[in-house]
Every structure is written in structure tokens, then in C-alpha cells.
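Order of the sequence lines fixes the chain letters, A, B, ..., with proteins taken first and strands second; residue numbering starts at 1 for each chain.
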Number of protein chains: 2
Amino acid sequence: MPYSKTHKENSRRRILDSAVKLFSAQGYDAVTLDQVMQDADLTRGAFYAHFKSKQVLYKDAILHAASNGPVATLSDKIDQPALTELIRKYLDMSHVRQEGSPCPLAFLATDVAKQEGEIRETYTQVYKDIVDKVGALPTIKDTDSALAISALMIGGVAVARALNDDELSRDLLKSCRKFVEAFI
Amino acid sequence: MPYSKTHKENSRRRILDSAVKLFSAQGYDAVTLDQVMQDADLTRGAFYAHFKSKQVLYKDAILHAASNGPVATLSDKIDQPALTELIRKYLDMSHVRQEGSPCPLAFLATDVAKQEGEIRETYTQVYKDIVDKVGALPTIKDTDSALAISALMIGGVAVARALNDDELSRDLLKSCRKFVEAFI
DNA sequence: GTCTATACCTCGATAGAC
DNA sequence: GTCTATCGAGGTATAGAC
């Protein structure tokens, strides 16, 4: 038995890590399976032992990113200090620069919009989960607030990433933090 | 003189209209020059009489979209009713569905983030212009508010577009409108 | 499970006729 | 300026050996 089960699971995890990193940085179309597999220290042919297609990889990568990104810290019984910490880490240049695990909602927003059913569905589920968790907090007045705050945070990161002026990006993130913190 | 100057200008405008529509809907990589030219009722070979490359087309399409999208209504001497109207039209399902001219800031956000210098620069300039105009309004307290409100509106549209649940998208847009209108 | 090799396809860009 | 034709590069997915 030359390849153990843990070996395969380890390979799969490495592929997903690479996929999240590359898809978030370059978008679905610009990433090649060769890139992903090389980044995971494997060869292209081995890909199909783990995923049926590039589309399936993308869908699984969104879930993987949701489990590892900043929003994953939103457990079911999140408290106020944890939320404050999340806001601080989310609306930060290190997140925008993708130095840690990126939030798929912000990094893949317009990339998902052009995809088909299953991928959109996955994105939607991830979004719903987060809005539900934020909305369950005692300091959040209503669902309206949870929706608007999520849009503000996602939009802030998405725009900050597109700008080529670091100072403006920092100002934008700071303004978003101020706004959000005034509402929680 | 078989081709007049207005004929060329007309062709160029048609190419740009098609480019804005297709890039906004599908993103940079998924759009082929063949698609753009067919949509503009021309053939692929004619493309290079108007633009040096696909990258240049993309950059010019961002400017074209900025001049025709909802934010174009923000003239230098915008007043309060015009702003209210802009918010209503921007955070609307018809905009999300790209039934009118789309706002490049929302539709191309993560698509621009992966591009190179000149394109990012163009996006940044378009964004700066809008923040400046919004910030100049008497009811906007400070630059912080202008930045946060823009992020909220762009994020709202970007996320609403990615979701596959129309009801949730509508709720999201409505929440964003409520939030923004409370601040202007 | 992972590798090499390859079939098949599509796209950006160019060449040359009109 | 616009057309047809084509080159060359690079992509997904598959086949078959180990």
C-alpha cells in the first residue's frame, strides 16, 4: 500500500490551500491547474485523482477558504470582543495583501458572480451563515444591520484591493472600521 | 475615402459599449476579443485598428463605463436630491442585473485587483473622482463618511450580484439603502 | 496516487487582400 | 477600416505506465 489514506488527504489539503491562494489572487480563469498543482508540489495529471474538474475545485476552495479565513473565527457562540477583533483583522492591510487566509466573500465576489449554479449556491450559503451569526449578536439591532455591515466590510476589502494607492486603501479601511464600530 | 472619421468613431464606441457589457458580466479573462467584436458587429481582425491590445481595451472600457454608468450622474455641482436618486438607482436589482449601464467600481472590483499597473491606476482615478464628489456634498460630514458610504454601496452591489437568491439580494440592497440614507 | 505524454481546443495577435 | 486566414502559445482533460 504505497499511498496511505492520510497521504491522500494531505495532498488534497495542500491542493485546496494552493487553490484558495491562487484563485483569490488571480481569479478563476487566470489560474491554471498546472499552477495549482505545482504550488502544491504535485503534477498536473494527479489532479483528477482528487477533483472531477476545475469547477469542482473552485467550489471546494470556497468552502475551504470559509473554514480557514477570518470569518471562520465566528463560531456559533461568538461574543462581543471576538467580533471587535474580527473587524480589526478583516479591515486590515494584511488581509487586503492576502498575507493570511483571505475571506472568499471579499476576494471572490465579482469572480463568483459570473459563475454557474453550484458555485453561486456555495457562495450564497457561506454568506448566509455569516449574516446569521452576526445577526445573532446582542448588539446587532436587526437583520438589516447585519446585512449592511457585511456589505460594508466586504466592499471595503474588495475596493482596497483594487486600488493602487496604499495610502488611500488604508484610509478606506480605517473609515470602514470607524463606521462599523459605531454600530456594534 | 470609403471610411469616414465618424464611421471609425462610431465603430470605436460600439466596441467600447460591447466591452463594458461583456467585461462586466464575465470578467476580463472569460471575454474573448471575438465575442466583443461580434457583439459590436465587426470581425476580430478589425479590432487592432482601434486598440493596441486587450489590456488597453479593458482600461478604456473602465473609463467608458465610468462615463456612462450610474455614477456619471454625479456632476461637479451635485445636489441632495440627485444623490438620493443615485442611491436608489445604484442599490437596485435592475443595476445588479446589469439592465442599464453598470458601475465599473462594483462590477469589476475583484477583476481589477488582479490586473497590472495602468488598469489599477485607471480604477483608482475613477474611485477618487467619485469619493471627492460625494465628499463635497454639504450633508456628508467628512471624508471618512464618503469612503465608508462608497464601500457600502459598491460592496452591496458586488455581493448581491454573486448571490443566487434574489430575495436575499433584494433584502441586502434594501438594508444598504436604509443605512446610507440614514447618513446623508 | 502520482507521474509523463499527448489529444484537442481556444485565444491573442499578425499578415495581407480589398 | 475591415475582412479572411493563420501562427504560436497555452489551456483542460485523458491515457497509460509505475
Take atom OH of A/Tyr48 and atom C1' of C/dT4, then tell me their distance rounded to the nearest Å.
-> 15 Å
In whole angstrom, give the distance that lies between atom NE2 of B/His7 and atom P of D/dG1.
-> 10 Å
Whether B/Tyr28 and B/Tyr58 hold their rings parallel, tilted or perpendicular, with breakpoints at 30° and 60° | perpendicular
Rounded to whole angstroms, how far apart are CG on B/Asn10 and C1' on D/dT2?
-> 14 Å
Is the closest side-chain donor-acceptor distance between A/Gln80 and A/Thr139 under 3.5 Å?
-> yes
Out of C/dA13, D/dT2, C/dG1, whichever nucleotide has its closest atom nearest the side chain of B/Thr43 | D/dT2
Does a salt bridge link B/Glu9 with B/Arg12, judged by any charged N lying under 4.0 Å from a carboxylate O?
-> no
Sub-6.0 Å ring centroid separation between B/Phe183 and A/Phe179 = yes
Which distance, rounded to the nearest 0.5 Å, do you find between the CG of B/Asp165 and the CZ of B/Arg170?
-> 9.0 Å
Between B/Asp34 and B/Thr32, does any side-chain donor sit less than 3.5 Å from a side-chain acceptor?
-> no
Report the distance from atom NZ of A/Lys54 to atom C1' of D/dG11, rounded to the nearest whole Å.
-> 8 Å
Rounded to the nearest Å, what distance is computed from the NZ atom of residue B/Lys52 to the C1' atom of nucleotide C/dG12?
-> 13 Å
Residues in residues 11-40 of chain A with a heavy atom under 4.0 Å of DNA chain D, by number, are A/Val31, A/Thr32, A/Leu33
Just checking A/Phe47: base, sugar-phosphate only, or nothing, at a heavy-atom cut-off of under 4.0 Å?
-> nothing
For atom CZ of B/Arg44 and atom C1' of C/dA13, their distance in whole Å | 9 Å
To the nearest Å, give me how far apart CG (B/Leu42) and C1' (D/dC3) are.
-> 10 Å
Counting heavy atoms from C-beta on, name the nucleotide in C/dG12, D/dT2, C/dT2 closest to the side chain of A/His50.
-> C/dT2
